[in-house]
Enquirer: 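I have a structure I would like to understand better, so I am pasting it below and will then ask my questions one at a time.
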Amino acid sequence: MSYKSPVYNIVSVPIEKIVPNTYNPNSVAPPEMKLLYDSIREDGYTMPIVCYYDDENDNYIIVDGFHRYRVMLDYPDIKEREGGCLPVSVIDKPIDHRMASTIRHNRARGTHNVDLMSNIVKELHEIGRSDEWISKHLGMSKDEILRLKQITGLASLFKEVRFGMAWEPFDDEDGGYEIIQSEALPDDENTEDN
């Protein structure tokens with residue numbers, strides 16, 4: 001069987017059956033929201049929102065398109081014109097892949113709230129995703145992942161990090177420092193390139 005993209009199976013879903021996800025770090029300033037409203041008012045919905053169907057709760061969880069959804073909630077003229085329904089492209093993926101999809105959609109278009117991005121990295125680590133997985137699926141560099149981990153301040157996020165030589169202050173009459181040996185990286189891994 002050949003692959004068929006979800007966009008070829010758009011469904012019309014009543015807005016009451018659509019719910020936001022809990023992790024979207026994307027934000028849109030008021031002038032851009034007004035521009036989005038103007039665009040939808042003038043051109044209609046030209047792009048579906050992307051959702052996951054949660055059969056347990058019989059609703060659609062937004063993966064991408066939260067702000068298009070907000071336009072319908074905030075502007076009665078749009079809701080009335082569209083009959084209270086939004087065009088939805090449904091994907092069937094587990095939560096970690098939905099989070100990655102949300103980030104990929106957003107990174108192609110806009111900016112993210114750093115605290116929310118940090119929480120996403122934290123949540124992905126808590127469900128067992130490695131830095132490599134996050135890097136591959138969210139399109140982030142290892143440095144970016146490290147910075148986001150640092151923001152959360154949770155030591156558990158650094159369990160994959162191997163540390164090298166370190167120093168600790170010690171009390172003596174000169175107030176010096178002592179080099180301590182932690183689990184040093186092998187010489188071939190302890191380079192600037194890694």
Side-chain angles (χ1 to χ4, degrees), residues 1-28 32-33 35-75 78-113 116-145 148-149 160:
M1 181 176 165
S2 64
Y3 178 78
K4 188 173 183 181
S5 291
V7 74
Y8 294 106
N9 295 311
I10 305 302
V11 293
S12 179
V13 177
I15 195 160
E16 296 79 18
K17 292 187 75 140
I18 299 172
V19 296
N21 65 51
T22 59
Y23 53 82
N24 188 357
N26 195 20
S27 60
V28 174
E32 283 77 18
M33 277 302 291
L35 184 61
L36 181 59
Y37 163 70
D38 291 343
S39 173
I40 291 171
R41 187 188 68 228
E42 294 300 319
D43 303 324
Y45 281 92
T46 58
M47 293 175 43
I49 67 170
V50 180
C51 293
Y52 166 79
Y53 178 67
D54 177 4
D55 57 354
E56 186 176 313
N57 294 306
D58 189 32
N59 62 22
Y60 294 79
I61 301 169
I62 298 171
V63 174
D64 180 64
F66 172 76
H67 297 98
R68 283 170 272 151
Y69 159 82
R70 286 292 327 163
V71 166
M72 184 172 284
L73 287 181
D74 294 344
Y75 293 93
I78 299 297
K79 185 175 182 180
E80 181 180 337
R81 183 188 72 191
E82 300 293 327
C85 292
L86 281 171
V88 173
S89 177
V90 179
I91 62 171
D92 186 18
K93 295 183 176 191
I95 184 67
D96 54 342
H97 288 269
R98 294 195 310 264
M99 291 170 103
S101 291
T102 297
I103 302 307
R104 285 192 300 265
H105 280 91
N106 289 347
R107 286 176 67 98
R109 286 192 303 263
T111 60
H112 292 102
N113 177 297
L116 291 174
M117 280 299 294
S118 297
N119 286 333
I120 286 174
V121 169
K122 175 182 171 283
E123 287 180 38
L124 289 171
H125 267 280
E126 287 173 352
I127 62 174
R129 294 302 179 196
S130 67
D131 287 356
E132 288 74 22
W133 190 96
I134 293 170
S135 178
K136 177 182 176 186
H137 292 278
L138 273 57
M140 293 180 174
S141 71
K142 289 188 179 194
D143 285 341
E144 187 176 7
I145 294 168
L148 291 171
K149 285 176 163 184
E160 294 180 29

Enquirer: Considering non-hydrogen atoms only, spot the tightest contact between Met47 and Pro87 and give its length.
Expert: O-CG, 4.4 Å
Enquirer: Please report the interatomic distance CG(Asp143) to OG(Ser135), rounded to the nearest 0.5 Å.
Expert: 10.0 Å
Enquirer: Mind checking what makes salt bridge (charged side-chain N to carboxylate O under 4.0 Å, His left out) contact with Asp74, not counting sequence neighbours?
Expert: Arg70
Enquirer: Identify the two heavy atoms, one from Val90 and one from Val11, that lie closest to each other, and give their separation to 0.1 Å.
Expert: CG2-CG2, 4.1 Å
Enquirer: Indicate yes or no for a side-chain donor-acceptor contact from Ser118 to the backbone of Leu148 under 3.5 Å, with no hydrogens or angles considered.
Expert: yes
Enquirer: With a 4.5 Å cut-off on side-chain heavy atoms, are Lys149 and Lys122 touching?
Expert: no
Enquirer: Salt bridge (charged side-chain N to carboxylate O under 4.0 Å, His left out) with Glu16: which residues, sequence neighbours excluded?
Expert: Lys79
Enquirer: OG of Ser141 to CD1 of Ile134: how many Å apart, nearest 0.5 Å?
Expert: 12.0 Å
Enquirer: Evaluate Lys142 against Glu132 for salt bridge (Lys or Arg N to Asp or Glu O under 4.0 Å), listing each step before the verdict.
Expert: CA-CA 8 Å; Lys142 289 188 179 194; Glu132 288 74 22; 3.2 Å; yes
Enquirer: Taking the six-membered ring for Trp, are Tyr53 and Tyr60 parallel (under 30°), tilted (30 to 60°) or perpendicular (over 60°)?
Expert: tilted
Enquirer: Side chains of Val88 and Ile49, heavy atoms from C-beta outward: is any pair under 4.5 Å?
Expert: yes
Enquirer: Show your working on side-chain contact (heavy atoms from CB on, under 4.5 Å) between Ile18 and Asn59 and close with a plain yes or no.
Expert: CA-CA 6 Å; Ile18 299 172; Asn59 62 22; over 6 Å; no
Enquirer: Can we call the ring centroids of His97 and Trp133 under 6.0 Å apart?
Expert: yes
Enquirer: Any idea which heavy atoms bring Ile40 and Arg81 closest together, and the distance?
Expert: O-NH2, 2.8 Å
Enquirer: Can you tell me which residue among Asp58, Asn57, Asp54 is in a side-chain hydrogen bond (donor to acceptor under 3.5 Å, both in side chains) with Lys17?
Expert: Asp58
Enquirer: Do Phe66 and Asn21 touch side chain to side chain, with heavy atoms closer than 4.5 Å?
Expert: no
Enquirer: Indicate the atoms forming the closest heavy-atom contact of Ile15 with Leu73, along with that distance.
Expert: CD1-CD2, 3.5 Å
Enquirer: Do any N or O atoms from the side chain of Arg98 and from the backbone of Val63 form a donor-acceptor pair under 3.5 angstrom?
Expert: no
Enquirer: Looking at Ile127 and Asp96, what are the two nearest heavy atoms and their distance?
Expert: CD1-CB, 3.6 Å
Enquirer: Between CG of Asp64 and OG of Ser101, what distance do you get to the nearest 0.5 Å?
Expert: 9.0 Å
Enquirer: May I ask you to decide if Leu36's main-chain N or O and Arg41's side chain share a donor-acceptor pair within less than 3.5 Å?
Expert: no
Enquirer: Working to the nearest 0.5 angstrom, can you tell me the gap between Tyr69 OH and Cys51 SG?
Expert: 9.5 Å
Enquirer: State, to 0.1 Å, how close Met33 and Val71 come at their nearest heavy-atom pair, and which atoms those are.
Expert: CE-CG2, 4.1 Å
Enquirer: Just how far is it from atom CD1 of Ile10 to atom CG of Leu86, taken to the nearest 0.5 Å?
Expert: 11.5 Å
Enquirer: For the residue pair Ile62 and Val19, establish whether any side-chain heavy-atom pair is separated by less than 4.5 Å.
Expert: no
Enquirer: Just verifying a value: how many Å separate Tyr52 OH and Ile61 CD1, rounded to the nearest 0.5 Å?
Expert: 7.0 Å
